[in-house]
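Note: hydrogens, waters and symmetry copies are ignored here, and every other heavy atom, side chains too, is used. Below, read A as the first sequence line, B as the second, and so on, with proteins coming before strands; counting in each chain starts at 1.
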Amino acid sequence: MINQKLAELFYKIADILEMRGVEWKPRAYRRAAKGIETLVEDVSDIYKKQGVRALKEIPGVGERIAEKIEEFIKTGRIKEFERLSETTPKHLNELMDVPGLGARRARILYQKLGIRTIAQLKKAAEQHKICKLPTFKEKSEENIIEGIKFIKSSGGRKLLSIVLPVALKIEARLKKFGQVSIAGSLRRRKETIKDIDILVASEEPKYVINFFTKMPEVKRVLARGPTKSTVILDNNIQADVRVVGKTSFGSALLYFTGSKEHNIALRELAIKKGYKLNEYGLFKGAKKLAGKTEEDVYKKLGLKYIEPELRESLGEIEAARRNKLPRLVSIQDIRGDIHVHTKWSDGDNSIEEMALTAKKLGYEYICITDHSKTRAIAHGLKEGRLLKQIQEIKKLNKKIKGIRVLTGSEVDILADGSLDYGDDILKKLDVVIAAVHSGFKMPKEKMTARIVKALENEHVDILDHPTGRIINTRPPYQVDLDKIFKRAKELGKFIEINAFPDRLDLKDVDIKRAIRVGVKLTIGTDAHDVNHLRYMAFGVATARRGWAEKKDILNCLSTKEFLKVFKIK
DNA sequence: GCCGTTTTCGGCCCGACTGTTTTCAGTCG
């Protein structure tokens with residue numbers, strides 16, 4: 001599958017062209033990249049079967065880009081890209097991370113002062129070299145220095161789980177002004193969030209803006225207009241509020257939720273129909289056709305309602321047009337959590353405490369999956385203790401009512417693909433989750449073979465966190481997911497979406513691929529504490545972003561059905 | 001560089017806010 005690699009190249013070309021001040025081409029390259037990303041089929045297969053002509057059928061791909069795709073398939077490179085990157089310093093777009101600096105002014109900084117990095121930028125601003133440049137003044141230097149401080153302290157994008165509670169608190173407070181909704185990537189439940197966006201419907205925007213900019217946690221006001229304001233909160237999260245009239249709430253929510261690409265696609269669709277779409281509504285001439293609710297706007301555009309998690313311009317608009325949208329899984333569909341740790345290994349709570357909390361959450365079953373013996377650092381269970389735990393769970397099931405506790409293990413996949421317990425032990429467990437916790441630096445083929453070998457063990461049921469990534473901390477290890485999905489399907493094995501907020505592994509786009517292959521998935525919280533059981537919501541959100549339906553997720557099954565699938569008595 | 005049931009040339013989403021600016025470009029979402 002070369003689609004992703006190719007899309008990345010085109011995105012990079014777009015960035016470079018943008019830095020150079022080239023007009024329109026960046027947009028064309030990005031559209032082509034998006035078109036390629038959205039494809040189900042491998043680009044090289046399309047080319048093999050029907051040649052360049054078929055490539056041009058891909059949305060956003062024309063004559064010139066089709067040639068570049070052909071070149072990449074034949075030679076593994078795109079000369080144009082190499083030419084561009086040779087003559088453009090790398091990392092120049094890091095300047096564009098500074099709030100207030102876009103492509104145009106970043107280019108001026110480079111051309112006039114040779115600034116390429118944030119460090120050089122900071123020095124130049126402090127030495128007052130920048131205010132002499134065109135389009136810059138003293139105020140710009142202040143803003144640049146402030147902006148760099150912000151980047152350093154905020155560390156870029158934050159985890160969904162960190163930002164969401166902050167946003168919910170603000171949302172609740174703004175309710176007294178009228179209809180309120182969290183919008184932006186937060187509403188789409190992206191795994192990381194750059195800023196909080198909140199929309200308010202009110203005919204008195206000045207009161208809202210006044211209240212918002214004076215909230216106790218506001219550290220700095222970046223912008224404050226009559227209907228829109230941007231602030232930095234004391235935890236260095238940026239928050240934007242926008243106020244619109246009640247009759248525009250839907251169209252404004254649509255606009256403010258994004259994604260940007262989704263909005264552009266909708267607006268283009270509107271234009272094709274002879275309409276105009278903006279945050280105030282959908283218009284035909286001066287006549288407003290829709291705007292009060294999102295549903296109204298979609299309907300008038302000839303589309304079914306699209307859930308926020310799907311709004312990434314990855315095929316959802318076409319699916320909405322053809323009434324082929326998935327019926328997304330929801331948190332209410334989840335009947336049990338099947339990845340839970342306890343005090344027996346590195347968790348904080350007893351088996352009983354975890355079970356009772358799960359019961360309170362409305363679950364019918366829970367599976368205890370402590371670490372295996374090699375995870376000594378996590379107090380992994382030696383065989384004797386695991387057998388003892390199995391007995392303990394048997395006793396507990398007689399004692400507590402209303403929830404079934406299953407036995408299991410999160411067993412290490414060792415470097416050679418063998419498992420951390422022998423078959424004699426594994427066969428005693430209800431559910432066996434296998435996972436890689438060491439030897440991350442293996443080459444791709446070796447890692448893939450290692451995981452496949454583990455899946456081929458007859459006692460293994462589920463593969464957990466298939467890429468091993470920790471968001472913002474550790475990159476994924478090299479692994480051929482397509483191969484893993486294919487083998488898992490053949491063997492009737494499952495893949496877990498780990499719901500822990502810094503893992504979310506599988507991630508959204510990989511979930512979509514897995515479902516396409518036909519692998520069944522599970523969602524497990526990897527809870528190490530009773531409070532972590534609530535992380536299920538993040539796992540479900542990620543599954544939804546991956547177009548998952550109830551039927552794709554195994555722990556949507558009732559206890560009876562679940563036990564049958566796992567052949568548990 | 002792409003695209004066309006108004007177009008094969010001349011467009012390319014759209015509006016708010018800031019400050020580079022005294023009428024508009026740049027940036028952002």
Side-chain angles (χ1 to χ4, degrees), chain A residues 10 13-14 17-18 21-35 55-69 80 84 95-109 130-144 146-147 183-188 193-199 205 209 213 221-231 238-244 248 251-283 301 311 313:
Chain A
F10 288 140
I13 291 178
L17 291 171
E18 189 160 66
V22 177
E23 283 193 296
W24 307 119
K25 286 191 190 186
R27 180 162 192 233
Y29 275 104
R30 289 198 181 108
R31 291 190 109 179
K34 201 84 190 177
L55 292 178
K56 284 163 66 182
E57 298 294 309
I58 300 168
V61 175
E63 192 75 41
R64 312 304 303 278
I65 292 185
E67 283 170 14
K68 291 187 175 69
I69 296 175
E80 174 77 2
L84 283 169
L95 296 185
M96 284 160 66
D97 291 340
V98 179
L101 281 186
R104 197 175 181 96
R105 297 167 86 219
R107 189 161 52 100
I108 293 173
L109 287 167
I130 292 175
C131 62
K132 298 180 182 73
L133 298 174
T135 78
F136 290 92
K137 278 268 156 62
E138 283 80 5
K139 181 78 184 160
S140 330
E141 289 181 335
E142 276 173 43
N143 286 342
I144 285 169
E146 282 295 324
S185 55
L186 207 46
R187 184 162 177 246
R188 304 199 311 278
I193 304 292
K194 194 169 88 99
D195 53 24
I196 295 172
D197 296 309
I198 296 185
L199 178 71
I209 298 294
T213 52
V221 178
L222 290 184
R224 187 199 160 119
T227 65
K228 192 182 155 182
S229 170
T230 300
V231 300
Q238 181 177 316
D240 296 349
V241 75
R242 178 79 190 264
V243 189
V244 296
S248 296
S251 44
L253 186 56
L254 199 56
Y255 146 76
F256 214 21
T257 298
S259 66
K260 190 177 170 185
E261 290 76 18
H262 181 84
N263 285 345
I264 291 174
L266 286 185
R267 287 173 181 199
E268 284 170 351
L269 188 59
I271 291 170
K272 267 188 204 155
K273 290 184 179 289
Y275 305 154
K276 184 173 87 161
L277 177 62
N278 58 30
E279 57 261 56
Y280 301 108
L282 180 68
F283 299 91
L301 289 172
R311 300 181 194 170
S313 195

Less than 4.0 Å between a side-chain N and a carboxylate O, is that true for Glu268(A) and Arg31(A)?
-> yes

Using a 4.0 Å heavy-atom cut-off across all strands, classify Lys194(A) as base, sugar-phosphate, or nothing.
-> sugar-phosphate

Give Pro134(A) one of three labels, base, sugar-phosphate or nothing, depending on what nucleic acid heavy atoms sit under 4.0 Å from its own.
-> nothing

Could you check whether Ile264(A) gets within reach of a base, just the sugar-phosphate, or nothing at all, counting any heavy atom under 4.0 Å?
-> base

Base, sugar-phosphate, or nothing for Lys25(A), non-hydrogen atoms under 4.0 angstrom?
-> base

Give a yes or no answer on whether the side chain of Asn278(A) reaches the backbone of Gly281(A) with a donor-acceptor pair at less than 3.5 Å.
-> yes

P spacing across the pair dC13(B) / dG4(B), given as an integer number of angstrom = 14 Å

Do the non-hydrogen side-chain atoms of Leu277(A) and Tyr255(A) ever get within less than 4.5 Å of each other?
-> no

Using only heavy-atom distances, determine whether the side chains of Thr213(A) and Arg224(A) contain a donor-acceptor pair under 3.5 Å.
-> yes

Reckon Leu266(A) touches a base, only the sugar-phosphate, or nothing at all at heavy-atom distances under 4.0 Å?
-> nothing

Pair partner, dG10(B) [Watson-Crick or wobble, under 3.5 Å] | dC3(B)

Tell me what Tyr280(A) touches on the nucleic acid: a base, only sugar-phosphate, or nothing, going by heavy atoms under 4.0 Å.
-> sugar-phosphate

Residue mapping more 5' on DNA chain B - nearest nucleotide basis, Ala103(A) or Asn143(A) | Asn143(A)

If you measure from the C1' atom in dT8(B) to the same atom in dG1(B), how many Å do you get, rounded?
-> 14 Å

Kindly compute the distance separating SG (Cys131(A)) from CD1 (Ile144(A)), expressed to the nearest 0.5 Å.
-> 10.0 Å

Pick base, sugar-phosphate or nothing for Lys137(A), based on heavy-atom distances below 4.0 Å to the nucleic acid.
-> sugar-phosphate

Mind checking whether Val22(A) and Glu18(A) have side chains closer than 4.5 Å, heavy atoms only?
-> no

What is the nucleic acid contact for Leu133(A), judged by heavy atoms within less than 4.0 Å: base, sugar-phosphate only, or nothing?
-> nothing

Say you pick atom C1' in dT20(B) and the same atom in dG26(B); how far apart are they, in whole Å?
-> 8 Å

Would you mind classifying the nucleic acid contact of Thr227(A) as base, sugar-phosphate or nothing, using non-hydrogen atoms under 4.0 angstrom?
-> sugar-phosphate

Checking all strands, does Asn263(A) fall into the base, sugar-phosphate, or nothing category for heavy-atom contacts under 4.0 angstrom?
-> nothing

Could you pick out which residue, Ala66(A) or Lys272(A), lies toward the 5' side of DNA chain B when each is mapped onto its nearest nucleotide?
-> Ala66(A)

Contact class for Glu63(A) (heavy atom, under 4.0 Å): base, sugar-phosphate, or nothing?
-> sugar-phosphate

Contact class for Arg31(A) (heavy atom, under 4.0 Å): base, sugar-phosphate, or nothing?
-> nothing

So the contacted stretch of DNA chain B, first to last nucleotide with an atom under 4.0 Å from a non-hydrogen atom of chain A, runs from dG1(B) to dG29(B)

Which part of the nucleic acid, if any, lies within contact of Pro226(A), taking any heavy atom under 4.0 Å across all strands shown: a base, the sugar-phosphate backbone alone, or nothing?
-> sugar-phosphate

Ignoring hydrogens and geometry, is there a side-chain-to-backbone donor-acceptor pair from Ser229(A) to Ala223(A) under 3.5 Å?
-> yes

Looking just at side-chain N and O atoms, do Arg187(A) and Thr257(A) make a donor-acceptor pair shorter than 3.5 Å?
-> yes

